[in-house]
Amino acid sequence: MPSTQTYIELFERLRSVHLHVDARRCLAVRNRNTTCNRCANACPSGCITVTTRTSANEPREPDGAKPAENGRSAETATLAIDPERCIGCGTCAAACPTGAIAPRKPDDRSLARQAAAALRATGGIVAFACEQLTAQARGKYDPDTVVPVRCVGRIDASLLVLMASAGALTIRLTCGNCDECEYRAGKAAAELACQDANAIFDAWGTRARASVTRKLPAACRAIAGPAYDPDRRAFLRTAGDAAHDAAHDAADLAIDHAFEHASDTQRTRRAVMETGTLPRFLPPRRAILLDALERLGQPDDVMLNTRLWAHVIMDENRCNGCGMCARFCPTGALTVRDDDRAETQISWISKRNAEKTGFSGAALAHAPSLCLQCRTCEQLCPRHAIELSCETFAVDIPAGAVDEHPLRDIHRDKGGPDAIRNSMAKLIDSPYVTG
């Protein structure tokens, strides 16, 4: 299995004029036992690849995977990066849940400002277009109304929701003939982003829609010949004067506020936090998304099924209170709280209120709004006590709701007069054993 330093060195090879890389945010760097390879799955050029190997001399399960001691696959994944194949499309950055990879030229803020300018030019429509389409349609569209990108896979759900909060009702991710494009994987990433954004729009009751299409909207069409009058077009676009300017100012304000808020959420890094966890941070795109949702108002009381958030389902009888899930949670969505509901040391679980059931006064708290659905907790739990559900209550996101699950006293099973009873409770998988 590659070392942490190896992972860091590999990701540093991605750093270029197109991409900014912070390897310390990568889930595989934080804990090399995680299986996140979203960047490799999304990469349309083959720049990032993951090769899985299993020893031929060891037994395999029916699906070909070697059984591990903890019940999970013991296959070894090897990350490979070929910087010469990078096209700077930013699709890997859109897929990365922690923001370990971020696009440059343009960065997210510059791209959002270009989109706001297109929104002003069209009066409610934002159209992104891939490199192939803009080359094919050159001269047929008004450059002021289209936002060019290398590949539409660069666009993620946070940008789509941000544009909706700025007043966009129609958001088009326009691409050429993807079937003939060697970077066709970017279209699939764009469709998933639209799917997540539309689920949010439905839950928040907004009329905005995002879609991947082959044609630019009619509002982007170039007007040429005698019928074209720049002064007349300028007049029509600014009709309504005060109301029109107010809408434009509101869009710019929404974008600036979102990115300033995202900048404020970045925390000082330490090797280990005071609570015994790895450094935590809120990825800028998650901060932008939460800010945009606040501007959209309150959602309906419905279930939300996206790739963006998750709800923790915990088997309290399996959990031994080790706190590994909270230790490696990148955002602090998972924390261990003591009797007073304050975050406590992971290495210490309160025993003040321990009962015969083995539960202490401490609890594992989960905040769905901060959850990235990275599945680190699910993959690292030694007792398989955690499962993530993609379904969350929409109202829990803006409310910052927190679910709490009681934790077992990890010190309780370490010998003493009740050691035999505790062992039997483990053996029959039940805490209700009396001696």
Checklist line | Atom pair CD (Gln114) and CG (Asp144), whose distance is rounded to the nearest 0.5 Å | finding: 11.5 Å

Notebook entry, point to check: If you measure from the Lys or Arg side-chain nitrogens to the Asp or Glu carboxylate oxygens, is any gap between Arg207 and Asp202 under 4.0 Å?
Noted result: no

Notebook entry, point to check: So which heavy atom on Ala365 is nearest to which on Glu404, and how close?
Noted result: CB-CG, 4.2 Å

Next item on the list: Report yes or no: does Thr134 contribute a side-chain atom to a donor-acceptor pair with the main-chain N or O of Ala129 at less than 3.5 Å?
Entry: no

Notebook entry, point to check: Is the shortest heavy-atom distance from the side chain of Cys47 to the side chain of Pro83 under 4.5 Å?
Noted result: no

Check: Do Val212 and Lys187 have side chains that get closer than 4.5 Å, going by heavy atoms?
Finding: yes

Notebook entry, point to check: Distance-only, no hydrogens or angles: does the Glu316 side chain make a donor-acceptor pair with backbone N or O of His405 under 3.5 Å?
Noted result: no

Item checked: Minimum-distance pair of heavy atoms, taken over all atoms of Val152 and Thr174 -> CG1-O, 3.5 Å

Check: Can you list the steps and then say if Arg221 with Leu216 is a side-chain contact (heavy atoms from CB on, under 4.5 Å)?
Finding: CA-CA 8 Å; Arg221 188 180 304 157; Leu216 289 167; over 6 Å; no

Next item on the list: Please step through side chain to side chain donor-acceptor pair (under 3.5 Å) for the pair Thr145 and Asp142, ending with a clear verdict.
Entry: CA-CA 6 Å; Thr145 65; Asp142 182 351; 5.0 Å; no

Notebook entry, point to check: Can any side-chain N or O of Asp107 pair as donor or acceptor with the backbone N or O of Ser110 at less than 3.5 Å?
Noted result: yes

Notebook entry, point to check: Does Thr91 reach the side chain of Cys39, with side-chain heavy atoms less than 4.5 Å apart?
Noted result: no

Note to self: Just verifying a value: how many Å separate His18 NE2 and Arg104 CZ, rounded to the nearest 0.5 Å?
What the structure shows: 11.0 Å

Item checked: Straight-line distance of Cys151 SG to Arg184 CZ, nearest 0.5 Å -> 11.5 Å

Checklist line | Heavy-atom check, side chain of Ile386 versus side chain of Ile313, under 4.5 Å | finding: no

Notebook entry, point to check: Side chains of Leu380 and Arg375: does their closest heavy-atom pair fall under 4.5 Å?
Noted result: no

Check: Is the side chain of Trp204 donor-acceptor paired with the backbone N or O of Gly297 at a distance under 3.5 Å, no angle test?
Finding: yes

Check: Under the 3.5 angstrom rule, does the side chain of Arg337 hit a backbone N or O of Leu364 as a donor-acceptor pair?
Finding: no

Notebook entry, point to check: How long is the gap from SG on Cys175 to CD on Gln132, to the nearest 0.5 Å?
Noted result: 8.0 Å

Check: Which is it for Leu334 and Cys377 under the side-chain contact (heavy atoms from CB on, under 4.5 Å) test, yes or no, and what are the steps along the way?
Finding: CA-CA 9 Å; Leu334 280 171; Cys377 55; 3.5 Å; yes

Checklist line | Trace of the side-chain contact (heavy atoms from CB on, under 4.5 Å) decision for Leu296 with Val161 | finding: CA-CA 9 Å; Leu296 287 179; Val161 177; 3.9 Å; yes

Next item on the list: Could you tell me whether the side chain of Ser165 and the main chain of Leu162 form a donor-acceptor pair under 3.5 Å?
Entry: yes

Item checked: Smallest separation among heavy atoms of Leu160 and Ala193, with atom names -> CD1-O, 3.7 Å

Check: Got a salt bridge between Arg24 and Asp22, using NZ or NE/NH1/NH2 to carboxylate O under 4.0 Å?
Finding: yes

Next item on the list: Show your reasoning for whether side chain to side chain donor-acceptor pair (under 3.5 Å) applies to Gln379 and Thr34.
Entry: CA-CA 6 Å; Gln379 294 167 5; Thr34 59; 4.9 Å; no

Notebook entry, point to check: With distance as the sole test, does Arg30 use its side chain to make a donor-acceptor pair with the main-chain N or O of Pro279 at under 3.5 Å?
Noted result: yes

Notebook entry, point to check: Hey, mind stepping through Trp309 and Gln373 against side-chain contact (heavy atoms from CB on, under 4.5 Å) and telling me if it holds?
Noted result: CA-CA 5 Å; Trp309 298 284; Gln373 204 183 124; 5.7 Å; no

Next item on the list: To the nearest 0.5 angstrom, please state how far the CG atom of Asp403 sits from the SG atom of Cys371.
Entry: 11.0 Å

Margin query: Salt bridge check, Asp108 against Arg154: does any charged N sit closer than 4.0 Å to a carboxylate O?
Written below: yes

Checklist line | Ser369, Pro283, Cys374 screened by side chain to side chain contact (heavy atoms under 4.5 Å, CB included) with Thr331, the one that passes | finding: Pro283

Check: Any side-chain heavy-atom pair from Ile101 and Cys92 closer than 4.5 angstrom?
Finding: yes

Notebook entry, point to check: Would you say the side chain of Ile48 lies within less than 4.5 Å of the side chain of Asn37, judging by non-hydrogen atoms?
Noted result: no

Check: For the side chain of Glu378 and the backbone of Leu388, is there at least one donor-acceptor N/O pair under 3.5 Å apart?
Finding: yes

Next item on the list: Give a yes or no answer on whether the side chain of Asp156 reaches the backbone of Ser158 with a donor-acceptor pair at less than 3.5 Å.
Entry: yes

Notebook entry, point to check: Is there a donor-acceptor pair under 3.5 Å between the side chain of Arg286 and the backbone N or O of Leu308?
Noted result: yes

Margin query: Within the structure provided, determine whether Gln298 and Pro398 are in side-chain contact (heavy-atom separation under 4.5 Å).
Written below: yes

Next item on the list: Looking only at non-hydrogen atoms, find the nearest pair between Ala385 and Cys319 and report the distance.
Entry: CB-N, 3.6 Å

Check: What heavy-atom pair brings Ala164 and Phe201 nearest, and what distance separates the two atoms?
Finding: CB-CE2, 3.4 Å

Item checked: CZ on Phe328 to OG1 on Thr376, rounded to 0.5 Å -> 9.5 Å

Margin query: How close do Pro368 and Ala401 get, counting heavy atoms only, and between which atoms?
Written below: CD-O, 3.2 Å

